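Note that the structure is predicted; figures quoted are calculated from it, not measured.
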Amino acid sequence: MEIRDHSWVVSRNDLGAALRRWRERASPPSGLRSAARRRTPGMRRDELAAMAGVSAEYVKRLEQGHGRPSAQVLYSLARALRLSSTEYEYLCSVAGHVPSRAGRVPHEVGSGARHLLDRLGDVPILVLDAAWTLLAWNAACEAMCYVSMSVDGRDRNMAWRAFTGMEGWTRAGSAAEARFQQAIVADLRATALRYPDDDWVADLVADLRAVSEPFAAMWESPADHEDRRHRLTRRHPVVGEITVDCDIMTIHEGDLRAVVYTAEPGSVDAVRLAATRTRRAHPG
């Protein structure tokens with residue numbers, strides 16, 4: 001049996017890199033601004049230290065990858081840096097203070113997700129697990145995608161498809177594609193941290209890092225936030241190009257993701273999206 005080293009999931013310098021990134025984007029309250037002329041943007045180490053109640057030397061050591069702060073210090077740093085809840089969760093995770101969920105990523109489509117699929121019958125929607133593996137979808141989604149969703153193995157994983165050229169959304173290399181991929185990577189990173197014992201997730205990330213340079217680069221660069229809404233374009237062979245809004249929602253019951261596709265009412269895209277349900281034709 002092949003044994004892989006998954007120690008890359010949380011490297012020893014992730015904490016330092018995240019702190020530096022967030023400090024450089026932050027600005028202190030006016031009352032704590034240093035009198036010294038600033039050579040770099042953002043908050044100075046001494047300013048962050050004063051707001052968090054620690055020493056500037058301690059902040060420096062953390063940014064250099066030394067030391068393991070307590071949960072209380074992490075909370076103070078997060079508050080001083082004005083981190084979002086997602087960023088705070090990531091900060092705690094790389095410092096080793098997030099309780100891991102036992103076992104593997106759940107794959108059960110619960111009643112909440114089933115209810116959503118039933119209620120939005122005419123709206124394309126698909127349901128994924130926390131590793132972005134396809135679990136359920138409706139007919140409208142299958143018609144819009146113009147392919148059978150009943151695939152197996154890695155082909156069921158939307159992260160894999162997005163980074164190996166199989167997904168078909170947006171034009172390759174576009175800004176919209178990059179933002180969507182960044183959201184996938186941020187969510188997948190959080191999943192890997194919550195389920196460190198899930199070998200399937202670890203193998204997926206290891207293989208993506210090996211086959212996709214964009215994925216590897218995004219994985220090494222902690223995201224400041226997760227975009228949950230995107231505008232994507234797909235070339236449908238029957239009705240032409242369709243541009244839709246793509247909303248990514250978390251279903252806390254079962255740790256699932258729902259991806260919902262909509263178009264502006266009355267727009268050409270809305271007409272084309274509706275036409276996919278009535279004019280679908282299989283390639284000959």
Side-chain angles (χ1 to χ4, degrees), residues 2 4 6 8-9 86 89 93 100-118 120 123-170 177 179-212 214-216 218-219 223 226-230 232 234 246-261:
E2 180 184 11
R4 298 193 180 193
H6 299 305
W8 47 262
V9 173
T86 300
E89 178 181 350
S93 297
S100 299
R101 296 190 181 185
R104 300 171 60 86
V105 169
H107 306 292
E108 185 71 25
V109 180
S111 58
R114 293 292 182 190
H115 182 68
L116 194 62
L117 286 167
D118 293 340
L120 301 180
V123 177
I125 179 174
L126 53 85
V127 177
L128 314 165
D129 66 18
W132 282 70
T133 300
L134 183 65
L135 300 179
W137 61 93
N138 61 7
C141 187
E142 188 164 349
M144 178 191 67
C145 292
Y146 198 72
V147 294
S148 172
M149 307 289 280
S150 300
V151 290
D152 296 316
R154 280 282 171 81
D155 290 349
R156 291 184 67 85
N157 186 269
M158 307 304 280
W160 180 261
R161 295 171 68 93
F163 282 95
T164 58
M166 299 171 60
E167 188 53 18
W169 283 108
T170 74
E177 179 186 51
R179 286 193 298 272
F180 187 55
Q181 289 176 334
Q182 286 166 353
I184 293 175
V185 172
D187 198 43
L188 193 57
R189 183 190 292 111
T191 296
L193 290 167
R194 288 199 305 278
Y195 302 96
D197 297 329
D198 192 318
D199 291 337
W200 195 94
V201 175
D203 287 345
L204 170 67
V205 177
D207 290 344
L208 278 170
R209 284 162 59 91
V211 303
S212 172
F215 180 90
M218 293 177 189
W219 187 266
E226 296 180 49
D227 291 325
R228 308 301 289 182
R229 184 166 190 171
H230 306 269
L232 304 176
R234 187 182 193 91
C246 168
D247 290 277
I248 305 170
M249 301 183 296
T250 299
I251 303 175
H252 294 290
E253 176 196 15
D255 199 8
L256 303 175
R257 310 291 178 267
V259 182
V260 182
Y261 302 99

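Between Ile251 and Ala258, the shortest heavy-atom distance links the atoms CD1-CB, 3.9 Å. Of all non-hydrogen atoms in Asp198 and Trp200, the two that sit nearest each other are OD1-N, 3.0 Å. Of all heavy-atom pairs spanning Tyr261 and Cys246, the tightest one is CE2-SG, 3.8 Å.
Between Asp187 and Trp132, the side chains place a donor N or O and an acceptor N or O closer than 3.5 Å (distance only, hydrogens not considered).
When atom types are taken as modelled, the side chain of Asn138 and the backbone of Leu117 share no donor-acceptor pair closer than 3.5 angstrom. Side chain of Thr164 to main chain of Trp160: a donor-acceptor pair is present (N/O by atom type, distance under 3.5 Å, no hydrogens or angles). When atom types are taken as modelled, the side chain of Asp129 and the backbone of Pro106 share no donor-acceptor pair closer than 3.5 angstrom. A donor-acceptor contact shorter than 3.5 Å links the side chain of Gln181 to the backbone of Ala162. Side-chain N or O atoms of Asn157 include one that pairs as donor or acceptor with a backbone N or O of Ala131 at under 3.5 Å. No donor-acceptor pair closer than 3.5 Å links the side chain of Arg104 to the backbone N or O of Tyr195. Of the possible polar contacts, one joining the Arg156 side chain to the Leu134 backbone as a donor-acceptor pair under 3.5 Å is found.
Between atom CZ of residue Arg209 and atom CE of residue Met218 there is a gap of 13.5 Å, rounded to the nearest 0.5 Å. Interatomic distance, Phe163 CZ to Asp207 CG, rounded to the nearest 0.5 Å: 14.0 Å. The line from CG of Leu116 to OG of Ser111 is 11.5 Å long, rounded to the nearest 0.5 Å.
Between Asp255 and Arg194 a salt bridge is recorded (basic side-chain N to carboxylate O distance below 4.0 Å).
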Would you check, one step at a time, whether the test side-chain contact (heavy atoms from CB on, under 4.5 Å) holds for Met249 with Val259? CA-CA 6 Å; Met249 301 183 296; Val259 182; over 6 Å; no
Candidate pair Arg154 and Asp203, rule side-chain contact (heavy atoms from CB on, under 4.5 Å), full reasoning: CA-CA 11 Å; Arg154 280 282 171 81; Asp203 287 345; 4.1 Å; yes
Please assess Ile184 against Met158 for the test side-chain contact (heavy atoms from CB on, under 4.5 Å), listing each intermediate value before the final yes or no. CA-CA 9 Å; Ile184 293 175; Met158 307 304 280; 5.7 Å; no
Could you walk me through whether Phe180 and Leu232 satisfy the side-chain contact (heavy atoms from CB on, under 4.5 Å) test, starting with their C-alpha distance in whole Å, then the side-chain angles of each, then the deciding distance to 0.1 Å, before giving a yes or no? CA-CA 9 Å; Phe180 187 55; Leu232 304 176; 4.2 Å; yes
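When side chains are defined from C-beta on, Leu188 counts as touching Val205, because their heavy atoms get closer than 4.5 Å. Counting only heavy atoms from C-beta outward, the side chains of Thr250 and Leu256 never approach each other to under 4.5 Å. Here the side chains of Trp137 and Val127 are not in contact, with every heavy-atom distance at 4.5 Å or above. In this structure the side chain of His107 never reaches within 4.5 angstrom of the side chain of Thr133, judged on heavy atoms. In this structure, Leu126 and Arg257 have side chains that are not in contact, with every pair of non-hydrogen atoms separated by 4.5 Å or more.
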